[in-house]
Peer 1: 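Handing you a structure now.
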Amino acid sequence: VQLQASGGGLVQAGGSLSLSCAASGRASSKDALGWFRQAPGKEREFVAVVSWSGNIYYATSVRGRFTISRDKAKNTVHLQMDRLKPEDTAVYYCTADSKDPYYYCSGSGCDGYGMHYWGKGTLVTVSS
């Protein structure tokens, strides 16, 4: 699977940004699509994921502010980020995996749900 992310940039705290990612490379992929991020000096962390069947999971730190969605026809995934905070500053990675997050995630997030395919990151900077 190839993943090409777009969007990102610089925004003031409280503002909004949208990320998009186009997945390609498999004829009939039913992968889960998601987003991870890595802030400067920190480890990569899970942000959000949407399964092929439409189940959605968020990290507690973004729930209520970020919205993930996918377009099956176009094989794309989007991340709408609202009420951004300086601590949201990070490189955001589009990800995909054949594992259904239903078996790995809960309402509190997806600890331990590693995703196999990663795109190049896109930088989101939130100024205070």
Peer 1: How far apart are the closest heavy atoms of S20 and W35, and which atoms are they?
Peer 2: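 The answer is O-CH2, 3.7 Å.
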
Peer 1: When rounded to the nearest 0.5 angstrom, what distance separates CG in L33 from OG1 in T76?
Peer 2: 8.5 Å

Peer 1: Going by heavy atoms in the side chains, are T95 and D97 under 4.5 Å from each other?
Peer 2: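 No; the side chains remain at least 4.5 Å from each other.
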
Peer 1: Under the side-chain contact (heavy atoms from CB on, under 4.5 Å) test, which residues partner A39, sequence neighbours left out?
Peer 2: K42, A90

Peer 1: To check you understand the geometry: which heavy-atom pair defines the closest contact between L17 and G9, and what is its length?
Peer 2: CD1-O, 3.8 Å

Peer 1: With sequence neighbours excluded, give me every disulfide bond (SG atoms under 2.5 Å apart) pair touching residues 95-128.
Peer 2: C105-C110

Peer 1: Taking only residues at least two apart or on different chains, which pairs with a member in residues 51-61 satisfy salt bridge (Lys or Arg N to Asp or Glu O under 4.0 Å)?
Peer 2: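 Every candidate salt bridge (Lys or Arg N to Asp or Glu O under 4.0 Å) pair involving residues 51-61 fails, so no pair, neighbours aside, qualifies.
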
Peer 1: Report the residues that fulfil side-chain contact (heavy atoms from CB on, under 4.5 Å) with S98, sequence neighbours left out, ordered by chain and then residue number.
Peer 2: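 S98 satisfies side-chain contact (heavy atoms from CB on, under 4.5 Å) with R26, D31 once adjacent residues are dropped.
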
Peer 1: Starting from M115 and following side-chain heavy-atom contacts under 4.5 Å between hydrophobic residues (I, L, V, M, F, W, Y), which residues can be reached?
Peer 2: F36, F46, V49, Y57, V91, Y93, Y102, Y103, Y104, Y113, W118, L123

Peer 1: Can you pull out every salt bridge (Lys or Arg N to Asp or Glu O under 4.0 Å) where at least one residue sits in residues 67-79? Sequence neighbours excluded, please.
Peer 2: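 Of all non-adjacent pairs touching residues 67-79, none passes salt bridge (Lys or Arg N to Asp or Glu O under 4.0 Å).
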
Peer 1: Under the side chain to side chain donor-acceptor pair (under 3.5 Å) rule, what pairs show up with a residue in residues 119-128, not counting sequence neighbours?
Peer 2: none

Peer 1: Taking side-chain hydrogen bond (donor to acceptor under 3.5 Å, both in side chains) as the test, write out the residues that go with S6, two or more places apart.
Peer 2: none

Peer 1: For S53, what residues pass the side-chain contact (heavy atoms from CB on, under 4.5 Å) criterion, not counting sequence neighbours?
Peer 2: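 If we apply the side-chain contact (heavy atoms from CB on, under 4.5 Å) test to S53, skipping adjacent residues, the hits are S51, N55.
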
Peer 1: Kindly work out whether a path of hydrophobic side-chain contacts (I/L/V/M/F/W/Y, heavy atoms less than 4.5 Å apart) joins W52 to Y117.
Peer 2: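 No, it is not one cluster - the side chains of W52 and Y117 are not joined through contacts under 4.5 Å.
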
Peer 1: Could you list all the disulfide bond (SG atoms under 2.5 Å apart) pairs where at least one residue sits in residues 52-90, not counting sequence neighbours?
Peer 2: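 Every pair satisfying disulfide bond (SG atoms under 2.5 Å apart) with a residue in residues 52-90: there are none.
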
Peer 1: Which atoms form the tightest heavy-atom contact between A96 and V1, and what is the distance?
Peer 2: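 In this case the closest contact between A96 and V1 is CB-CG1, 4.3 Å.
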
Peer 1: What pairs of residues pass the side chain to side chain donor-acceptor pair (under 3.5 Å) test when at least one of them lies in residues 79-92, not counting sequence neighbours?
Peer 2: S16-D82, R37-D88, R37-Y92, R65-D88, Q80-D82

Peer 1: By the disulfide bond (SG atoms under 2.5 Å apart) test, which pairs, at least two apart or in different chains, include something from residues 60-94?
Peer 2: C21-C94

